[in-house]
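Here the structure comes first, spelled out in structure tokens, and everything after it is commentary.
In what follows, chains are A, B, ... by sequence order, proteins preceding strands, each numbered from 1.
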Amino acid sequence: MIQKPKGTYDVYGQNSKQILYIEQLMKSLMEKYNYEYFRTPVFENSDLFNRAVGETTDVVTKETYDFLDRSERKMTLRPEGTAGMCRSFVENKMYGTYSMPVKCWYYGPMYRYERPQSGRFREFYQIGVEVFGSDSPNIDAEVISIPVNFYKLIGLKGIKVNINTLGDKESRENYKEALINHFKPHINNLCSDCQERFLKNPLRILDCKIDASNEIMKTAPKTIDYLNQVSKDHFTKVKEALDALDIDYIVNPGIVRGLDYYTHTVFEVEADIKGFGSNNVLCGGGRYNGLISAIGGPEISGVGFALGLERLLNAINAEAIELPINDTVNAYIIPMSEEEQSYAMGLTQSLRLNGFTVEMDYMSRKLTNNFKQADKLNSEFIIIIGEEEIKNKTLTIKNNKTKEEYKIKETEVIDFLDEFIKGDE
RNA sequence: GCGAUUAUGGUGAAGUGGUUAACACGGCGGAUUGUGGUUCCGUUACUCAAGGGUUCGAUUCCCUUUAGUCGCCCCA
């Protein structure tokens, strides 16, 4: 028996219905925000991720799926969406052909070679948004508002928005240096993970859970003190814009994000749900003003976020939210015997093409079992086709809710169903 | 990359070093050859993740592999 690769999953059943609903909801929300759907390849040249995500990050150093194609080109399955979107923006010279800002969204699978656990897979889906070419703090706020409103539309209650700023490049470097100076004398008092972080990414020490209560943490320099005026102003305006949008948030200096490209605003949306697992960050993002130029484009800024589909589904299920999923079939058609199957198929097709959701019996079930089947499918109507019906060009149609049965002319069936089903809505 | 834990049919599961691997649900068939969702009956695992070892004998004990679940790290 060949099994699916570790950390992947098949979609079917209830899960599949939820996913289709979420996709459709995001699509319609993005239409309203006027974001354009982009699709970029699932694999890219490895160099793109090395440069965009950062050569020292865990994501690039130990989590990518790399391969050589048949011409020995180094390829990587994308571990995140932003790099590809930026590449596309630059390669297609959208800074010349589109008017700014360029607002776009994407949806698709991402790949990271990690140990699977709750809310984490090796192939996972992200929905994300990028906005290129605007430095406006209002755009930061708009980007933050998208997942917030999306979760609201879905009906999630326990969500929490954390924001922070890393400042521009200059502020970020100054701060990093201050942190290093602060922790250096105490490095041996920190947990082993933090000692590792000290070398690789000192900013991450701030969100350590083990050392959280350590005095050294409490006295650590705050980003806010190392911001230059430009960075301060930007952050202030982002917060004002969030207030204007009526979005609740918490300024959390521990939010530093793991990918190298972030500058200024960074944010995470958490599932603040009882009994939810440890991978409770549903969405993360921020501004990345140096990224476009780093991959060979002009000095153009960007802001974006990505949300994890699997974690969203976890949250939906943890809160026991019933998505409005249509689980019914308009009509179930029962041919009494093999003789009537082809007639039934014709009728089934014609009803489907007229906009109804229709299923029929292909299994030559006994009538009894067919009625059971109709219930299982939540069929609103049952249409029985026998010798007599075909001879008289009439249909026996039963309303499965009221149990009333009608004999109607076959030419009238569409009007008949229309009346009932549209009246329902 | 590190650690914990699990692996029995379509599903949920019980069980034992040794003749037929419980039970429940579901599926299919019948009682009922054109009107059901109740009930009753029948049927549904030559096999206990895969491979190896110990043993007279293993689904049960040991090892390896694969996969699931959960945690660390990291991230969405």
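- Proximity of residues 357-369 of chain A to RNA chain B (heavy atom under 4.0 angstrom from any strand atom) is restricted to A:R365, A:K366, A:L367, A:T368, A:N369.
- No N or O donor and acceptor, one from the side chain of A:Q117 and one from the base of B:rU69, sit under 3.5 Å apart.
- For A:K6, the side-chain atoms get nearest to B:rA67 when compared with the rest of B:rA67, B:rA76, B:rG1.
- Taking the side chain to side chain contact (heavy atoms under 4.5 Å, CB included) definition, one finds that A:T219 meets it with A:H182, A:E215, sequence neighbours left out.
- A gap of 28 Å separates the P atoms of B:rC46 and B:rC40, to the nearest Å.
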Between side-chain atoms of residues 362-371 of chain A and protein atoms elsewhere (two or more places apart, or another chain), which donor-acceptor pairs fall under 3.5 Å?
from   : atom 1 : to     : atom 2 : distance (Å)
A:S364 : OG     : A:E338 : OE2    : 2.9
A:R365 : NH1    : A:D361 : OD1    : 3.1
A:N370 : OD1    : A:Y332 : OH     : 2.7
A:N370 : ND2    : A:D361 : OD2    : 3.3

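- Summarising the geometry, the separation between CD1 on A:I333 and P on B:rG34 is reported as 19 Å, rounded to the nearest angstrom.
- Minimum atom distance to the side chain of A:E405 is reached by B:rU35, of the listed B:rU35, B:rG37, B:rA76.
- Stacking between A:F371 and B:rG37 is absent: the ring centroid is not both under 5.5 Å from the six-membered base ring centre and under 30° in plane angle.
- For a distance-only test at 3.5 Å, the side chain of A:R120 qualifies as a donor-acceptor partner of the base of B:rC74.
- Using cut-offs of 30° and 60° on the angle between ring planes, the pair A:Y226 and A:Y175 is tilted.
- Counting to the nearest Å, the P atom of B:rC74 and the CD1 atom of A:I255 are 13 Å from each other.
- Applying the side chain to side chain donor-acceptor pair (under 3.5 Å) criterion to A:D69, with sequence neighbours excluded, gives A:R73.
- Using cut-offs of 30° and 60° on the angle between ring planes, the pair A:F132 and A:Y288 is perpendicular.
- A:S231 meets the side chain to side chain contact (heavy atoms under 4.5 Å, CB included) test with A:D168, A:S171, A:L227, A:N228, A:H264; sequence neighbours excluded.
- Taking atom C1' on both nucleotides, B:rA31 is separated from B:rC48 by 35 Å, rounded to a whole Å.
- Residue A:N400 is in base contact, counting any heavy-atom pair closer than 4.0 Å across all strands shown.
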Show me the donor-acceptor pairs within less than 3.5 Å that the side chains of residues 312-323 of chain A make with the rest of the protein, sequence neighbours left out.
from   : atom 1 : to     : atom 2 : distance (Å)
A:N317 : OD1    : A:Q18  : NE2    : 3.2
A:N317 : ND2    : A:L313 : O      : 3.1
A:E319 : OE1    : A:K157 : N      : 2.9
A:E319 : OE2    : A:K157 : N      : 3.3
A:E319 : OE2    : A:G158 : N      : 2.8

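- Helical stems involving RNA chain B, defined as 3 or more consecutive Watson-Crick or G-U pairs under 3.5 Å, span B:1-7 with B:66-72, B:10-12 with B:23-25, B:26-31 with B:39-44, B:49-53 with B:61-65.
- Applying the salt bridge (Lys or Arg N to Asp or Glu O under 4.0 Å) test to residues at least two apart or on different chains, the pairs with a partner in residues 262-271 of chain A are A:K160-A:E270, A:R257-A:E268.
- Rounded to whole Å, atom P of B:rA76 lies 17 Å from atom CD1 of A:I146.
- Note on ring orientation: taking the six-membered ring where Trp is involved, the planes of A:Y65 and A:Y113 are perpendicular (angle over 60°, cut-offs 30° and 60°).
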Less than 3.5 Å apart, which donor and acceptor atoms pair up between the side chains of residues 406-416 of chain A and the rest of the protein, not counting sequence neighbours?
from   : atom 1 : to     : atom 2 : distance (Å)
A:K407 : NZ     : A:T396 : OG1    : 2.9
A:E410 : OE1    : A:Y343 : OH     : 2.3

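- Taking atom P in both B:rA22 and B:rG15, the straight-line distance is 14 Å, to the nearest Å.
- In this structure, A:T396 reaches the bases: a heavy-atom distance under 4.0 Å links it to at least one base atom across the strands shown.
- Using a 3.5 Å distance cut-off with no hydrogens or angles, the side chains of A:N330 and A:T328 do not pair a donor with an acceptor.
- At B:rC70, none of the side-chain N or O atoms of A:S278 fall inside 4.0 Å of OP1 or OP2 (strictly under the cut-off).
- Spacing between B:rC25 and B:rU16 at atom P, rounded to whole Å, works out to 24 Å.
- Pairs of residues two or more places apart, or lying in two chains, that qualify as salt bridge (Lys or Arg N to Asp or Glu O under 4.0 Å) and include a residue from residues 22-45 of chain A are A:K27-A:E31, A:E44-A:R87.
- Here the nucleotide nearest the side chain of A:N279, chosen from B:rG37, B:rC74, B:rA76, is B:rC74.
- Looking at residues 382-390 of chain A, you'll see A:I384, A:G386, A:E387, A:E388, A:E389 sit with a heavy atom under 4.0 Å from some atom of RNA chain B.
- Using a 4.0 Å cut-off between charged nitrogen and carboxylate oxygen, A:K4 and A:E123 do not count as a salt-bridge pair.
- The distance between atom CG of A:D10 and atom C1' of B:rA67, rounded to the nearest whole Å, is 13 Å.
- Heavy atoms of A:G277 sit under 4.0 angstrom from primed sugar atoms or phosphate atoms, though from no base atom.
- Whole-Å rounding puts the A:I205 CD1 to B:rC73 C1' distance at 14 Å.
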Side chains of residues 276-286 of chain A: which donor-acceptor pairs under 3.5 Å do they make with residues two or more places apart or in other chains?
from   : atom 1 : to     : atom 2 : distance (Å)
A:N279 : ND2    : A:S118 : O      : 2.8

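- Listed candidates were B:rA76, B:rG71, B:rU35. Nearest to the side chain of A:K398 is B:rU35.
- Among the protein residues, A:G7 comes within range of the sugar-phosphate backbone only, with heavy atoms under 4.0 Å from sugar or phosphate atoms but none that close to a base.
- Within the 4.0 angstrom heavy-atom criterion, base atoms lie near A:F121.
- One C1' atom belongs to B:rU55, the other to B:rG17, and the distance between them is 9 Å to the nearest Å.
- The distance from atom NZ of A:K407 to atom P of B:rU35 is 11 Å, rounded to the nearest whole Å.
- With RNA chain B read from its 5' end, the first of the two nearest nucleotides for A:S118 and A:L307 is the one closest to A:S118.
- Of the C1' atoms belonging to B:rU69 and B:rG37, the separation is 38 Å, rounded to the nearest Å.
- Comparing A:A306 and A:P116 along RNA chain B, the residue whose closest nucleotide (by nearest heavy atom) sits nearer the 5' end is A:P116.
- Counting to the nearest Å, the P atom of B:rG37 and the CZ atom of A:F381 are 21 Å from each other.
- Rounded to whole Å, the P atom of B:rG42 lies 26 Å from the corresponding atom of B:rU35.
- For B:rG18 and B:rC61, the P atoms lie 12 Å apart once the distance is rounded to whole Å.
- Summarising the geometry, the separation between CD on A:Q3 and P on B:rA50 is reported as 10 Å, rounded to the nearest angstrom.
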